[in-house]
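All remarks here apply to the structure that follows.
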There are 2 protein chains.
Amino acid sequence: MIDKSKVTLKDIAKELGISVSTASRALKAHPDIAKETVRAVKELAEKYQYVPNSLAISFRKKKTFNIGLVVPEIVHHFFSNIISGAIATANQSGYNVMVSQSNDVLQDEKAAVNAMLHSGVDGLLISISNETVLGEHIQELMHAGKPVVQMDKVTDHLKTPQVIVDDFDGAYQAVQHLIQNGYRKIAHFRGRPIVKNANQRYFGYLQALKDAGITPEKDWVKHCVQINEAEGYRFAKELLEGPNPPDAFFCITDLVALGVLRYLKEQKIEVPGEVGLMGFSNWKLAEISSPALSTVDQHGYEIGVRATQMLLDSLAGASISSDAITEIKTNLVIRESSGRKKVQQQTQEALVGNN
Amino acid sequence: MIDKSKVTLKDIAKELGISVSTASRALKAHPDIAKETVRAVKELAEKYQYVPNSLAISFRKKKTFNIGLVVPEIVHHFFSNIISGAIATANQSGYNVMVSQSNDVLQDEKAAVNAMLHSGVDGLLISISNETVLGEHIQELMHAGKPVVQMDKVTDHLKTPQVIVDDFDGAYQAVQHLIQNGYRKIAHFRGRPIVKNANQRYFGYLQALKDAGITPEKDWVKHCVQINEAEGYRFAKELLEGPNPPDAFFCITDLVALGVLRYLKEQKIEVPGEVGLMGFSNWKLAEISSPALSTVDQHGYEIGVRATQMLLDSLAGASISSDAITEIKTNLVIRESSGRKKVQQQTQEALVGNN
DNA sequence: CTGTTAGCGCTTTCAG
DNA sequence: CTGAAAGCGCTAACAG
């Protein structure tokens with residue numbers, strides 16, 4: 001029943017007939033200490049499998065080497081990638097990561113943040129919930145001197161560094177890619193206007209059209225609320241059965257795009273021959289569908305890594321400007337669904353010339 | 001620059017002219033303390049926003065109210081569900097969860113477990129890596145008096161409670177379902193024989209065949225190694241092009257099943273009319289495919305919940321028998337791919353009678 | 001009902 | 001080079 005971790009500095013000091021402070025210093029090879037003493041202490045520590053009591057150290061140093069991480073959902077491809085990157089990075093520097101989720105409910109987020117504050121994390125990584133506006137609970141943590149870094153879902157009300165996806169650019173590239181492949185009547189199934197990411201993607205879409213000299217068509221922009229497969233299906237049907245069908249779809253999410261794809265397949269509409277399709281997020285789903293879905297990869301892992309690095313840096317004393325925004329570039333994952341549109345009357349040359 | 005959390009018991013004791021211990025007791029409304037004192041202390045605590053220093057408490061009580069959670073992969077539908085369930089449950093009881101992953105690499109798992117041990121978790125939830133055999137690193141933690149509960153990927157070498165999926169029964173039901181729907185020549189694309197779950201599913205498959213009086217066909221059992229979509233495709237092709245094609249496939253995972261499905265669609269083989277198909281895991285993928293894939297849901301969230309409850313119970317002093325095995329029942333998710341086989345010569349009645 | 005005392009295990013002045 | 005001493009903030013005998 002002997003608990004190894006019960007061996008304390010005092011024990012080894014006593015056995016060696018030295019003081020606790022000397023033992024303490026010897027263990028970290030303090031320059032003041034005689035080599036001989038250092039050796040003896042280390043040897044005994046080894047023998048007894050001395051392991052410093054981290055609770056005492058935390059207490060003493062007011063530092064736990066734990067960081068908190070709160071995301072809206074854990075069971076989510078993008079967020080679990082963020083978590084994974086954050087944990088890998090933190091662990092490398094000897095930090096552990098306490099994870100919690102808000103379920104996009106403000107109350108839950110508050111509870112999670114408070115729990116972490118009280119359990120004494122050294123800093124916090126957070127992707128805020130849909131319902132979070134001011135984030136007083138996060139402010140409180142900051143007041144307690146804990147650095148915070150926001151990731152992906154962010155609010156400017158909080159004066160913290162942000163690591164975000166360059167949604168605008170991702171969307172821009174996606175739409176540009178469609179245009180370059182001969183599609184001109186491009187619909188966009190967007191997300192909710194309160195969500196910054198959704199807006200950025202929408203703006204990217206508009207800009208890409210504009211830069212290609214294409215006038216956007218109001219009716220081709222649909223607002224997803226559920227952001228699921230059924231919505232994609234429904235909107236695709238609606239538009240394609242209408243008087244003015246688009247020839248491509250850029251969707252807020254792969255899931256929505258797969259809904260569109262299902263409709264297209266049902267109608268035996270050739271993809272990408274007749275209609276082009278791009279998703280966003282690069283879920284596993286996109287890789288497996290047939291035709292395989294072109295999409296935009298958001299590099300969730302990378303976001304986790306970068307945000308954690310910033311947090312660790314500021315924990316290490318670096319003063320990070322509180323308005324530093326790190327935009328992680330997406331990258332286009334070109335698969336089958338966005339392949340070149342079949343040319344009818346014009347030659348491809350002419351088409352390309354148009355851009 | 002006043003740090004709220006700097007207000008200490010001593011401060012409020014001094015201001016009230018009482019001793020620290022009285023203040024301490026008052027705050028937790030110890031029966032010994034005069035109501036008047038309690039009121040005064042609580043009032044002042046409120047006024048100063050006193051928040052107890054959890055580091056000091058942890059130190060004093062040798063308890064952190066943190067539990068550790070280690071899984072092979074975070075970015076994985078099943079595991080992220082487990083994590084989610086564990087965190088929700090732990091949080092409800094005032095515990096935080098420290099998460100880490102092993103990437104199925106023993107070294108990483110050791111590192112993660114040690115980091116958690118040293119950071120002072122009160123207990124550990126773990127799903128071991130493929131490479132873990134004896135788990136001495138986990139033993140070490142147990143020797144330090146920390147309760148451990150294993151989940152899903154488990155080893156009997158560790159004398160801890162286990163919460164696992166009833167893979168045998170899940171597979172049994174899946175295959176039985178195929179049989180009931182008229183399929184008799186059922187192939188199985190299984191996982192690696194060192195993995196317990198894979199074996200259990202295989203045994204369930206065999207048992208279901210046996211109970212239906214069907215003799216298993218060695219050639220119809222294929223060993224997946226990558227466990228990916230391509231393998232499903234490859235094996236399906238191999239078998240269906242061969243001299244003795246099966247009429248149904250039960251796959252170790254949805255991903256593999258989708259590979260099979262891709263081949264079937266390419267060959268314009270009717271699903272489920274000609275060939276039946278069942279996956280395992282119930283990923284999002286399965287819901288979206290067309291035809292939608294029938295599969296087996298493993299209730300990852302539930303596993304996380306149950307395992308955490310056991311851990312919390314034992315942390316609360318309950319003595320849990322170290323060989324308690326909790327098997328979480330799967331459930332059949334019947335979608336399109338396993339629908340009734342088209343009857344050719346026999347009537348359906350006759351077929352059903354056969355079972 | 002309340003105060004005194006002691007101490008958790010470690011770090012860190014301050015003196016030698 | 002080393003030791004003594006103080007103290008982090010809190011709890012818990014023990015003693016009034």
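Naming convention: chains lettered A, B, ... in sequence-line order (proteins, then strands); numbering from 1 in each chain.
- As a whole-Å value, the separation of B:K61 NZ from C:dG7 P is 20 Å.
- Of the side-chain N and O atoms in B:S21, none sit less than 4.0 angstrom from OP1 or OP2 of C:dT5.
- Among A:V149, A:L311, A:V148, the one residue that satisfies the side-chain contact (heavy atoms from CB on, under 4.5 Å) test with A:T160 is A:V148.
- For DNA chain C, the neighbouring residues in residues 22-35 of chain A, judged by any heavy atom under 4.0 Å, are A:S24, A:R25, A:K28.
- Applying the 4.0 Å criterion to OP1 and OP2 of D:dC10, one finds that B:T8 has a side-chain N or O inside that range.
- Rounded to whole angstrom, the span from the CG atom of A:L55 across to the P atom of D:dG9 amounts to 16 Å.
- Summarising the geometry, the separation between CG on A:D11 and C1' on C:dC8 is reported as 13 Å, rounded to the nearest angstrom.
- Put simply, CG on A:N53 is 14 Å from C1' on D:dC8, counting in whole angstrom units.
- With DNA chain C read from its 5' end, the first of the two nearest nucleotides for B:K62 and A:R60 is the one closest to B:K62.
- The aromatic rings of B:H76 and B:F79 lie tilted to each other, with the angle between the two planes from 30° to 60°.
- A sub-4.0 Å separation between OP1 or OP2 of C:dC10 and a side-chain N or O of A:Y50 is present.
- Across the protein-nucleic acid pair, A:L9 atom CG and D:dA5 atom P stand 18 Å apart, rounded to whole Å.
- Spacing between atom NZ of B:K63 and atom P of D:dT11 amounts to 15 Å, rounded to whole angstrom units.
- Proximity of a side-chain donor or acceptor of A:N96 to a complementary backbone N or O of A:N66 within less than 3.5 Å is not detected.
- The aromatic rings of B:F59 and A:F59 sit parallel to each other, their planes meeting at less than 30°, with 60° as the upper class boundary.
- Atom P of nucleotide C:dG7 and atom CD1 of B:I57 are separated by 21 Å, given to the nearest angstrom.
- With hydrogens and angles disregarded, no donor-acceptor distance shorter than 3.5 Å links the side chain of A:S314 to the backbone of A:S319.
- The pair A:R39-A:E43 counts as a salt bridge, with a side-chain nitrogen and a carboxylate oxygen less than 4.0 angstrom apart.
- Remark: A:H30 NE2 is packed, more than 12 non-hydrogen atoms of other residues, nucleotides or ligands lying under 6.0 Å away.
- The residue A:I18 sits close only to the backbone: its heavy atoms come under 4.0 Å of sugar-phosphate atoms, none of a base.
- B:K10 has its NZ atom 16 Å from the P atom of C:dG3, to the nearest Å.
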